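Here the structure comes first, spelled out in structure tokens, and everything after it is commentary.
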Amino acid sequence: MSANEPGQPPLTPTRGPSITSFDLPVPAVALAVGAHPDDVEFGCGATLAKWASQGCIVHHVVCTDGSKGTWDVRADTAALAQRRQAEQREAASRLSGANAGEVRFLGKVDGELVDEVETRAAIALAIRELRPDVVLGHDPWKRYRLHPDHRVAGFLLCDAVVAARDPHFLRHQLVDGLRHHRPRALLLWEADEPNHAEHVEASIVTKVHALEAHESQFESTMHAVDDAALDAFRARVRTRLEGLGAAIGTGPVEVFRVINDL
Ligand SMILES: [Zn+2]
């Protein structure tokens with residue numbers, strides 16, 4: 001696969017058998033943290049849509065402003081960032097319907113996300129305030145990935161989980177009744193060594209519908225420059241998830257590295 005391809009990577013024969021768990025209990029609250037608008041939909045959209053259809057409240061945090069997400073050299077990048085916020089809100093609504101929760105934008109400059117305490121604290125605060133049972137994000141240990149924001153967003157989330165769960169981290173946040181919070185599980189997408197799968201047959205359509213809310217990304221990310229190419233994109237998403245399932249002898253899945261011991 002391309003070093004830049006977002007979301008769910010194909011399984012190789014050597015990686016397939018490492019899947020040892022399926023289908024977490026549906027969480028009451030989930031929080032997904034992506035580097036850019038659209039990363040969450042690529043990485044775990046079908047899983048979130050499945051859970052939302054069963055009552056889960058789904059929150060989003062987007063770390064950067066997405067202002068580099070175009071091939072148009074003359075683009076107004078401030079306008080693009082605004083447009084991408086609207087697209088992300090629409091995508092969150094399409095994914096989760098009445099169970100769509102908050103969409104928080106940290107507003108960091110696209111391409112320049114840094115692993116530092118202020119941003120980690122913002123994500124930890126989201127975990128403490130929104131109190132998710134499950135958090136989801138980029139796997140920062142994925143090898144040979146080029147895009148720095150995906151790697152950094154993964155580390156920020158892992159570090160924020162640690163900060164959010166322990167009462168002596170970021171103590172200034174723990175005022176007015178706000179308490180530390182330990183999620184039950186962390187799911188990392190794009191994992192080189194996934195060990196968990198979520199069956200998503202019924203929610204692939206919703207994942208694709210949510211991805212299509214990111215119209216500004218049709219050219220650069222989805223290569224959907226006309227109706228035929230958009231149809232091909234839809235088919236690629238489905239084929240990828242079917243292929244992931246076929247590699248482990250089941251129907252379509254999204255795969256993750258699950259960390260239960262938080
Ligand atoms: Zn991204």
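Since this is a predicted model, take the numbers as computed values, not measurements. Starting from 1, each residue takes its place in the sequence as its number.
Note: F155 and W141 have perpendicular aromatic rings, judged against thresholds of 30 and 60 degrees for the angle between ring planes.
In summary, of the residues considered (H138, K142, R151), a side chain to side chain donor-acceptor pair (under 3.5 Å) with E190 occurs for H138 alone. With respect to R104, the side-chain contact (heavy atoms from CB on, under 4.5 Å) criterion is satisfied by exactly one of I123, L130, V62: L130.
A distance below 6.0 Å separates the ring centres of H150 and H36.
Clustering ILVMFWY residues whenever any of their side-chain heavy atoms sit less than 4.5 angstrom apart, transitively, puts V208 in a cluster other than the one holding L48. In this structure, L31 is not a member of the same hydrophobic cluster as L170, with clusters built from ILVMFWY side-chain heavy atoms closer than 4.5 Å. Residue V61 is grouped with residue L157 when hydrophobic side chains (ILVMFWY) are merged at heavy-atom distances under 4.5 angstrom, including chains of intermediate members. In the hydrophobic clustering of ILVMFWY residues, with side-chain heavy atoms under 4.5 Å counting as a link, F218 and F42 come out together. Criterion: ILVMFWY side-chain heavy atoms under 4.5 Å apart, direct or through other members. Under it, V258 and W189 are part of a common hydrophobic cluster.
Residues E41 and R94 are not paired through a salt bridge, judged by the lack of any N-O separation under 4.0 Å between the basic side chain and the carboxylate. Salt-bridge annotation for E87 and R83: present, with a side-chain N of the basic residue lying under 4.0 Å from a carboxylate O of the acidic one.
Of the possible donor and acceptor atoms, one in the side chain of S18 sits under 3.5 Å from a partner among the backbone N and O of P194. Here the side chain of T119 pairs no donor or acceptor atom with the backbone of E116 at under 3.5 angstrom. Counting only distance, with no hydrogens or angles, the side chain of D65 and the backbone of A81 share no donor-acceptor pair below 3.5 Å. Formation of a donor-acceptor pair under 3.5 Å by the R120 side chain with backbone atoms of D159 is not found in this model. Side-chain N or O atoms of K50 include one that pairs as donor or acceptor with a backbone N or O of H199 at under 3.5 Å. Using modelled atom types, one side-chain atom of Q173 and one backbone atom of A121 make a donor-acceptor pair closer than 3.5 Å. Remark: side-chain polar atoms of N99 are not paired, donor with acceptor, to backbone N or O of V58 under 3.5 angstrom. A donor-acceptor contact shorter than 3.5 Å links the side chain of R182 to the backbone of L262. The closest donor-acceptor contact from the side chain of R184 to the backbone of D133 lies at 3.5 Å or more, if one exists at all. Judged purely by atom type and a 3.5 angstrom limit, E198 has no side-chain atom pairing as donor or acceptor with the backbone of T47.
Taking every heavy atom of both residues into account, G45 and L95 meet most closely at O-CD2, 3.3 Å. When every heavy atom of V29 is checked against every heavy atom of R131, the shortest pair comes out as CB-O, 3.9 Å. For the pair C63 and L106, the tightest heavy-atom approach, listed with the atom from each and the gap, is O-CB, 3.5 Å. Taking all atoms of both residues into account, the shortest heavy-atom contact from V253 to L244 is O-CD1, 3.5 Å. Residues A124 and A163 approach most closely at CB-CB, 4.1 Å, considering heavy atoms. Looking at every heavy atom in both residues, L24 comes nearest to A185 through CD1-CB, 4.2 Å.
With contacts defined as side-chain heavy-atom distances shorter than 4.5 Å, the pair R89/F105 qualifies. Using a 4.5 Å heavy-atom threshold, the side chains of Q8 and V255 count as touching. Counting heavy atoms from C-beta outward, M222 and L230 have side chains that stay 4.5 Å or more apart. Residues E212 and R234 have side chains in contact (heavy-atom distance under 4.5 Å, counting atoms from C-beta outward). With a 4.5 Å cut-off on side-chain heavy atoms, D110 and T77 do not count as touching. You'll find the side chain of L136 stays beyond 4.5 Å of the side chain of V40, heavy atoms only. Looking at heavy atoms from C-beta onward, D166 lies out of side-chain contact with H180 at the 4.5 angstrom threshold. Side-chain contact between F22 and I248 is present, with heavy atoms from C-beta onward closer than 4.5 Å.
Rounding to the nearest 0.5 angstrom, the gap separating the CD atom in E254 from the CZ atom in R240 is 11.5 Å. The distance from atom CD1 of I127 to atom CG of L186, rounded to the nearest 0.5 Å, is 8.5 Å. Remark: D39 CG to H214 NE2 distance equals 8.5 Å, nearest 0.5 Å. In this structure, the separation between CG on L113 and CG on L156 is 5.0 Å, given to the nearest 0.5 Å. Within the model, atoms CZ of R84 and CG of D38 stand 5.5 Å from one another, a figure rounded to the nearest 0.5 Å. To the nearest 0.5 Å, atoms OG (S203) and CH2 (W51) are separated by 11.0 Å.
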Discussion item. What verdict does the side-chain contact (heavy atoms from CB on, under 4.5 Å) test give for L174 and R128, after you've listed the backbone C-alpha separation in whole Å, the side-chain angles of each residue and the deciding distance to 0.1 Å?
Written reply: CA-CA 9 Å; L174 300 179; R128 286 171 163 179; 3.8 Å; yes

Worksheet item: Which is it for L187 and C44 under the side-chain contact (heavy atoms from CB on, under 4.5 Å) test, yes or no, and what are the steps along the way?
Response: CA-CA 9 Å; L187 292 181; C44 62; over 6 Å; no

Item to complete: Begin with the C-alpha distance, continue with both residues' side-chain angles, and end with the deciding distance and a verdict on salt bridge (Lys or Arg N to Asp or Glu O under 4.0 Å) for R238 and E242.
Response: CA-CA 6 Å; R238 171 172 286 278; E242 288 173 348; 3.5 Å; yes

Fill in: Stepwise salt bridge (Lys or Arg N to Asp or Glu O under 4.0 Å) test for R257 and D192
CA-CA 8 Å; R257 186 76 189 185; D192 281 332; over 6 Å; no

Discussion item. One pair to check against side-chain contact (heavy atoms from CB on, under 4.5 Å): E193 and R143. What are the steps and the verdict?
Written reply: CA-CA 10 Å; E193 297 176 4; R143 287 171 294 233; 4.0 Å; yes

Discussion item. side-chain contact (heavy atoms from CB on, under 4.5 Å), that's the test. Do V225 and H223 meet it? Break it down for me.
Written reply: CA-CA 6 Å; V225 292; H223 311 302; over 6 Å; no

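The 12-atom threshold is exceeded at CG of D226, counting heavy atoms of other residues, nucleotides or ligands nearer than 6.0 Å. Around CZ of R179, the count of heavy atoms belonging to other residues, nucleotides or ligands within 6.0 Å does not exceed 12.
In this model, no donor atom of one side chain and acceptor atom of the other lie less than 3.5 Å apart for T70 and D72. With hydrogens and angles left out, the side-chain atoms of E102 and H59 include no donor and acceptor closer than 3.5 Å.
For Q85, there are no side-chain hydrogen bond (donor to acceptor under 3.5 Å, both in side chains) partners two or more places apart in sequence or in a different chain.
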